2 protein chains.
Amino acid sequence: MPRHAPIELEKFVPYQLSIVSNTVSEDIAREYRERFDLGTTEWRVMAVLARYDGDGLSARAVARLTAMDKVAISRALARLVANGRVLRRTHRGDKRRSVLRLSAEGWRIHDVVAPLARQHERAFLERLDADEQRALARILDKLLATDAAVR
Amino acid sequence: MPRHAPIELEKFVPYQLSIVSNTVSEDIAREYRERFDLGTTEWRVMAVLARYDGDGLSARAVARLTAMDKVAISRALARLVANGRVLRRTHRGDKRRSVLRLSAEGWRIHDVVAPLARQHERAFLERLDADEQRALARILDKLLATDAAVR
DNA sequence: CTACAATAGTTTCATTTGTAACCATTTGCA
DNA sequence: TGCAAATGGTTACAAATGAAACTATTGTAG
């Protein structure tokens with residue numbers, strides 16, 4: 001047994017994960033950043049506003065739904081509102097809350113970026129065969145579930 | 001077909017990957033940050049210095065081996081040297097290059113952190129069954145290989 | 001030999017991000 | 001009621017990160 005047992009970074013799973021994850025996320029992010037001057041957090045906010053487009057979400061709800069912290073959300077919203085992509089009103093009955101909705105312009109951008117993101121996801125998954133794709137989906141679901149359970 | 005087809009973030013693979021990856025990396029990083037005041041880049045530098053402990057690496061070599069950029073490496077090295085964890089000499093015959101090595105103190109820290117990191121990796125993988133672990137290893141290798149090929 | 005390009009590494013400056021403190025409002029309950 | 005704790009959100013400050021410019025040295029084409 002060697003005295004020092006160094007880690008082989010390229011076989012270390014957390015490291016591998018971070019490379020794969022950063023690469024694919026960065027590929028997608030670059031495209032909508034260049035085309036719409038949109039940051040990652042901003043895009044995620046838009047995505048949840050699009051999906052839960054019922055009565056308008058609060059910033060807190062957006063934070064929960066994106067698993068990001070409220071300061072990041074606050075900053076993203078400031079830009080989105082300033083750029084006319086999100087409409088912000090005050091909740092009647094609770095003046096602390098904001099009521100958030102995509103604007104028409106926000107929807108227009110969403111309807112370009114969402115398919116584009118899906119396209120990137122597809123291209124990414126196509127580097128795997130069908131079995132591997134299924135396995136990856138299973139694994140990620142399981143990890144996310146057990147992770148949520150732990151916290 | 002709905003007019004707007006919003007993304008379901010929690011089923012979007014790049015998003016899932018980023019959550020899983022950040023969670024596990026952050027868990028490990030927190031521990032060595034708290035115990036040794038060591039940043040992620042610093043630890044990665046130490047890991048490659050430990051592994052390729054032949055004639056001493058240059059900063060450029062460290063950058064290549066960690067897949068990080070030379071500015072980040074330069075900063076990490078400045079701290080590591082200041083804290084007595086890495087020894088820096090000048091290459092004889094090429095005064096531009098530095099020759100980097102872990103100090104005794106650096107090795108001491110390495111020999112605590114490396115097993116600790118492996119322990120976290122093990123705990124992470126144990127959330128999967130044996131088949132899933134094999135599948136994940138296969139998938140990551142494949143993605144990293146095709147990724148490298150693409151660039 | 002000289003001059004220009006390339007390489008190793010650092011510094012600078014702008015942007016991003018994270019943490020803590022903060023303000024306003026609402027809720028819980030003595 | 002009335003006041004402390006909790007909640008929604010923003011601001012302020014510090015640390016981390018990235019891009020570009022810079023210094024020093026070495027390689028190389030004429």
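These numbers were taken from a predicted model, which means no experiment stands behind them. Just so it is clear: chains get the letters A, B, ... in the order the sequence lines come, proteins before strands, and each one is counted from 1.
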Atom-pair distance ([atom1] on [X]; [atom2] on [N]), nearest Å:
| X | N | atom1 | atom2 | result |
| --- | --- | --- | --- | --- |
| A:Glu42 | C:dT15 | CD | C1' | 13 Å |
| A:Ile73 | C:dG18 | CD1 | P | 11 Å |
| B:Arg33 | C:dG18 | CZ | C1' | 10 Å |
| B:Asp94 | C:dA6 | CG | C1' | 12 Å |
| B:Arg44 | D:dT17 | CZ | P | 10 Å |
| B:Arg97 | C:dA8 | CZ | C1' | 8 Å |
| A:Arg30 | D:dG18 | CZ | C1' | 14 Å |
| A:Asn22 | C:dT17 | CG | P | 12 Å |

Which nucleotide in [options] has an atom nearest any side-chain atom of [X]:
| X | options | result |
| --- | --- | --- |
| A:Arg60 | C:dG9, D:dT17, D:dG8 | D:dG8 |
| B:Lys70 | D:dT17, C:dT10, D:dG9 | C:dT10 |
| B:Arg75 | D:dA19, C:dT17, D:dG9 | D:dA19 |
| A:Asp69 | C:dG18, D:dA24, D:dG8 | C:dG18 |
| A:Lys95 | D:dT17, C:dT26, D:dG8 | C:dT26 |
| A:Arg96 | C:dT10, C:dA6, D:dA6 | D:dA6 |
| B:Val71 | C:dT11, C:dA8, C:dG18 | C:dT11 |

Practice item. Look only at the side chain of A:Glu132 and the backbone of A:Asp129, and say whether a donor-acceptor pair between them is shorter than 3.5 Å. Key: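 Yes, A:Glu132 side chain to A:Asp129 backbone: donor-acceptor pair under 3.5 Å.
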**Study point:** Donor-acceptor pair, side chain of A:Glu105 and main chain of A:Arg85, under 3.5 angstrom
**Key:**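 Such a contact is absent between A:Glu105 side chain and A:Arg85 backbone.
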Taking only side-chain N and O atoms of [X], does any of them lie within less than 4.0 angstrom of OP1 or OP2 on [N]?
| X | N | answer |
| --- | --- | --- |
| B:Arg88 | C:dT10 | yes |
| A:Ser98 | D:dG9 | yes |
| B:Ser74 | C:dT10 | yes |

Check your understanding: Reckon B:Arg79 touches a base, only the sugar-phosphate, or nothing at all at heavy-atom distances under 4.0 Å?
Key ->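 No contact.
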Check your understanding: Where each residue is assigned the nucleotide of DNA chain C containing its nearest heavy atom, which of A:Ala72 and B:Ser58 is assigned the position nearer the 5′ end?
Key ->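 That would be B:Ser58.
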Point to revise | Parallel, tilted or perpendicular, as decided by the 30° and 60° cut-offs, for the rings of A:Trp43 and A:Tyr32 | key: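 It falls in the tilted class, 30° to 60°.
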**Study point:** Polar side chain donor-acceptor pair, A:Glu42 to A:Asn83, under 3.5 angstrom
**Key:**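 No pair is found: no donor N or O on one side chain lies under 3.5 Å from an acceptor on the other.
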Check your understanding: Does one side chain, of B:Thr146 or A:Arg127, offer a donor that lies under 3.5 Å from an acceptor on the other?
Key ->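 Yes - a donor-acceptor pair under 3.5 Å links their side chains.
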